[in-house]
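Chain letters run A, B, ... following the sequence lines, proteins first, then strands; residues in each count from 1.
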Amino acid sequence: MEEEQEGQGSIQESLKRIDNNIWEIPIGTKPGMNVPGRIFLSDKLIHNLEPEALDQVANVAMLPGIQKYSMAMPDAHLGYGFPIGGVAAFDEEEGVISPGGVGFDINCGVRLLRSNLTVDDVRPVMKELTEKLFQSVPAGVGSKSRLRASDSELDDIFLHGSRWAVENGYGVEADLEHCEGGGCIEGGDVSHISAKARKRGKPQAGTLGSGNHFLEVQYIDQIYDQEVAEKFGLEEGQVTFMIHCGSRGTGHQICTDHLRTISQASKKYKIALPDKQLACAPAQSDEAQNYFRSMICAANYAWNNRQIITHWTREVISDIFRSDMDELGLDLVYDVAHNVAKLEEHTVDGKKKNVYVHRKGATRAFPPGHKEVPQAYRDVGQPVLIPGSMGTASFVLHGAEASMDISFGSACHGAGRVMSRAHAKKEFHGEDVKSDLEKSGIMVRAAHPSVIAEEAPEVYKSSSDVVNVVHDLGIAGKVARMMPLGVVKG
DNA sequence: ATGTGC
């Protein structure tokens, strides 16, 4: 009987419009909610919101110690326990930590390199450039790196992130300054990382992976905010390089391993779970802290991964254009995590306090003046990087004031799927998608044609619709739009 | 996302 009351539709009917682009699931819509749900959506996007994702927002609101709201960004869709596009903050003492709130691909994220090249410089060499990037950066499921990390090197990567790469010749000091958290979260601990996770990690430092991960050559076709663009070193017609990947097999394994101990902990500490996938443990318990410190290691692994790929990307470009690095201006603009939990200071009910912010398919968007924004960007807020799907536009935004008030300093992360991988493979043929893209001037090089079908532009929401929601809310302001010229995929 | 399965 209860099932019937909770049937699909009821939760959608309970949605209340709070403001333009803000919808609420009131407390009590499902029994046990501690806070309301908040979904940031335009009227245009509300129709393709999955009811199951909405249900997940309400479920997350039931977890102990959740602060203010269980939130979902405009690109939200169904995920493991928590929706992808979900943001949830938990009290440092009374709250919980949950692997489902971070996701399997710990610190899946994006970085952007600028250059002094123009679209006219690269068009004639796009075939060679795409091919050489594909040759240089291993891509695909199970792909292995030219690098083999020793045990002590792996520890170093887990604890120090991008710094390992920079100290070993894969980048420069400025790369660390222009990266969220300096390319490292402090407080990692390798003692609860399994031998299996280590084994998977050793040969994969410097690999792209598969799925929606990519390395893309782009050009800026539109500037929305001239002043901020200048601060970020961006201008119209300029070529940029975007790297989107995560912590590969090691992050996946760390998540899998700790889900087991955290599930047991949920029972041990008698936490009522509306969904087993929301397994969590009291934030200060050993189980939660062991997961958290291992998750930090995976996050650091991912930053180091993107740093090594950055180095190989620079080598290829310098080789093709026969210029040195200074002339090419291949500076890192910024690097953001899309899947991570962090202990941050936020204001709740007028009081400053530390909370564990879980961002799963969401980007940190700290505003001007925030102490964690690099000095060079301090006046304008951190860069917020939003990749498009294959063949579509990507965006640079800057963190804006409202983010701290309404979303724990967070914005959206991308376009968001509208069609399953399985469905996409039936609907599209990789070779056809590839030749269509090439006709529109976009080179594609992939390890597997099936990935091209799964990632066809049609299977994603429009990234510009998603970006417009966070822009209009004042969470993050639009700075520039990039269009793809060539893409390397797994 | 993932050495693509409980």
I need the minimum non-hydrogen distance between A:N34 and A:L63, along with the two atoms involved.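 Closest approach of A:N34 to A:L63: ND2-O, 3.0 Å.
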A:G109 and A:R306: which non-hydrogen atoms are nearest, and at how many Å?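 Scanning both residues, the minimum pair turns out to be N-NH1, 3.1 Å.
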Could you give the [atom1]-to-[atom2] distance, from [X] to [N], as a whole number of Å?
{"X": "A:H448", "N": "B:dT4", "atom1": "NE2", "atom2": "P", "value": "12 Å"}
{"X": "A:H213", "N": "B:dT4", "atom1": "NE2", "atom2": "C1'", "value": "14 Å"}
{"X": "A:K199", "N": "B:dT2", "atom1": "NZ", "atom2": "P", "value": "18 Å"}
{"X": "A:Q253", "N": "B:dT2", "atom1": "CD", "atom2": "C1'", "value": "9 Å"}
{"X": "A:D105", "N": "B:dT2", "atom1": "CG", "atom2": "P", "value": "6 Å"}
{"X": "A:Y80", "N": "B:dT4", "atom1": "OH", "atom2": "P", "value": "17 Å"}
{"X": "A:Q277", "N": "B:dC6", "atom1": "CD", "atom2": "P", "value": "11 Å"}
{"X": "A:F104", "N": "B:dT4", "atom1": "CZ", "atom2": "C1'", "value": "12 Å"}

NA contact type, [X], heavy-atom cut-off 4.0 Å: base, sugar-phosphate, or nothing?
{"X": "A:E454", "value": "nothing"}
{"X": "A:G246", "value": "nothing"}
{"X": "A:T256", "value": "nothing"}
{"X": "A:K144", "value": "nothing"}

Just how far is it from atom CD1 of A:I25 to atom CD1 of A:I39, taken to the nearest 0.5 Å?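 Here the interatomic distance stands at 3.5 Å.
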Can you tell me if NE2 on A:H311 sees more than 12 non-hydrogen neighbours from other groups inside 6.0 Å? yes
Would you say B:dT4 has OP1 or OP2 under 4.0 Å from some side-chain N or O of A:R421? no
